[in-house]
Amino acid sequence: MPGLTIGDTIPNLEVDTTHGRMKLHDYIGNSWAVLFSHPADFTPVCTTELGKMALYAPEFDKRGVKLLGFSCDAVPSHLRWIGDIESYTPGCKVSYPIVADPTREVIRQLNMADPEAKDADGAELPSRALHVVAGDKRIKLSILYPATTGRDLDEVLRAVDSLQATAKYKVATPVNWRPGQPVVISPSVSTEDAQKMFPQGYKTVDLPSKKEYLRFTKL
Ligand code: BEZ
């Protein structure tokens with residue numbers, strides 16, 4: 001995924017969406033945001049993803065995360081497609097905006113274009129790219145899936161929980177971490193500082209190397 005990546009500020013593009021014209025930074029404001037792209041309207045995997053994202057919207061909202069979808073068709077197409085999405089996923093309401101990008105300029109600038117996929121006219125298509133952006137408008141995490149593999153939204157929520165926890169405290173989350181489970185103290189924190197920073201205590205794992213780098217604590 002060359003181009004825009006973790007740590008970069010997303011460009012403040014002015015875009016057409018199902019909620020009208022907006023600038024990306026204005027939409028995000030001081031919230032976090034999940035920007036997620038889709039190859040095209042009226043395609044099967046995308047239809048399942050957008051519906052599930054609508055069902056998960058309250059969970060993202062609880063975490064202060066705004067949602068913004070991208071598909072390269074035009075707004076009238078998106079509006080008609082939403083009828084299919086809401087019909088396929090009962091109980092869902094697509095209340096987040098979907099960006100239109102007929103010229104592919106937006107997906108190019110956001111590094112969401114699939115290097116291999118082209119439409120019937122040879123135009124670029126978006127991949128299933130997803131950027132998690134914080135209130136500072138910088139990318140904290142990016143994933144890139146091909147059109148044929150739908151994303152796991154539980155994993156996106158889990159990753160947001162990790163990103164928000166690790167933005168607040170000098171910790172990292174270990175393999176398969178779930179909220180509520182122990183976290184590890186960042187390697188950059190010295191033993192002296194760890195004792196001050198984590199007064200609730202922490203447990204250092206005794207390893208053959210005798211290096212004291214695997215330190216578990218509770219948030
Ligand atoms: C889909 O959303 O199902 C899809 C879109 C483009 C290529 C393959 C699958």
Side-chain angles (χ1 to χ4, degrees), residues 1-6 10-11 13 15-20 22 24 27-28 32-61 65-133 139-160:
M1 207 171 178
L4 207 65
T5 188
I6 292 176
I10 60 157
L13 305 175
V15 293
D16 285 317
T17 82
T18 49
H19 291 197
M22 59 173 69
L24 294 183
Y27 177 67
I28 297 169
W32 286 59
V34 169
L35 315 186
F36 52 105
S37 65
H38 298 269
D41 295 1
F42 303 104
T43 51
V45 178
C46 301
T47 302
T48 65
E49 283 193 328
L50 274 98
K52 195 63 96 181
M53 196 54 116
L55 281 185
Y56 276 50
E59 286 301 319
F60 285 102
D61 191 44
V65 179
K66 292 185 175 175
L67 300 175
L68 186 61
F70 294 74
S71 180
C72 54
D73 300 289
V75 166
S77 166
H78 289 350
L79 293 172
R80 228 158 52 81
W81 182 33
I82 286 173
D84 286 1
I85 295 165
E86 292 181 347
S87 161
Y88 172 71
T89 303
C92 90
K93 185 101 196 89
V94 179
S95 50
Y96 54 80
I98 306 173
V99 173
D101 187 24
T103 65
R104 301 351 189 215
E105 195 45 44
V106 178
I107 59 159
R108 238 172 264 138
Q109 291 212 38
L110 292 176
N111 198 19
M112 289 172 147
D114 187 319
E116 294 186 335
K118 301 274 179 280
D119 70 9
D121 302 322
E124 288 168 294
L125 284 172
S127 54
R128 295 186 197 288
L130 184 149
H131 298 309
V132 180
V133 179
I139 294 180
K140 304 299 172 186
L141 173 149
S142 289
I143 61 171
L144 182 61
Y145 280 38
T148 43
T149 303
R151 288 158 286 197
D152 181 337
L153 299 187
D154 287 321
E155 169 56 11
V156 177
L157 267 182
R158 189 196 75 90
V160 165

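Read the numbers this way: they start at 1 and go in the same order the structure lists the ligands and their atoms. Heavy-atom basis, side chains included; hydrogens, waters and symmetry copies ignored.
- A donor-acceptor contact closer than 3.5 angstrom is absent between the side chains of Thr47 and Asp84.
- Taking the six-membered ring where the residue is Trp, Tyr96 and Phe36 present perpendicular rings, their angle passing 60° and hence far from 30°.
- By the 6.0 Å contact criterion, CD on Glu155 is enclosed, its count of non-hydrogen atoms from other residues, nucleotides or ligands being greater than 12.
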Would you tabulate the polar-atom pairs, meaning N/O of ligand 1 against N/O of the protein, with distances under 3.5 Å, reported to 0.1 Å?
from     : atom 1 : to     : atom 2 : distance (Å)
ligand 1 : 2 (O)  : Thr43  : OG1    : 3.0
ligand 1 : 2 (O)  : Val45  : N      : 3.1
ligand 1 : 2 (O)  : Cys46  : N      : 3.0
ligand 1 : 2 (O)  : Arg128 : NH2    : 2.9
ligand 1 : 3 (O)  : Pro44  : N      : 3.3
ligand 1 : 3 (O)  : Val45  : N      : 2.6

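- Taking a 6.0 Å sphere around NZ of Lys52, one finds it holds 12 or fewer heavy atoms contributed by other residues, nucleotides or ligands.
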| task | Show the numbers, then the answer: is there a salt bridge (Lys or Arg N to Asp or Glu O under 4.0 Å) between Arg80 and Asp73? | result | CA-CA 11 Å; Arg80 228 158 52 81; Asp73 300 289; over 6 Å; no
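- The 12-atom threshold is not exceeded at OH of Tyr88, counting heavy atoms of other residues, nucleotides or ligands nearer than 6.0 Å.
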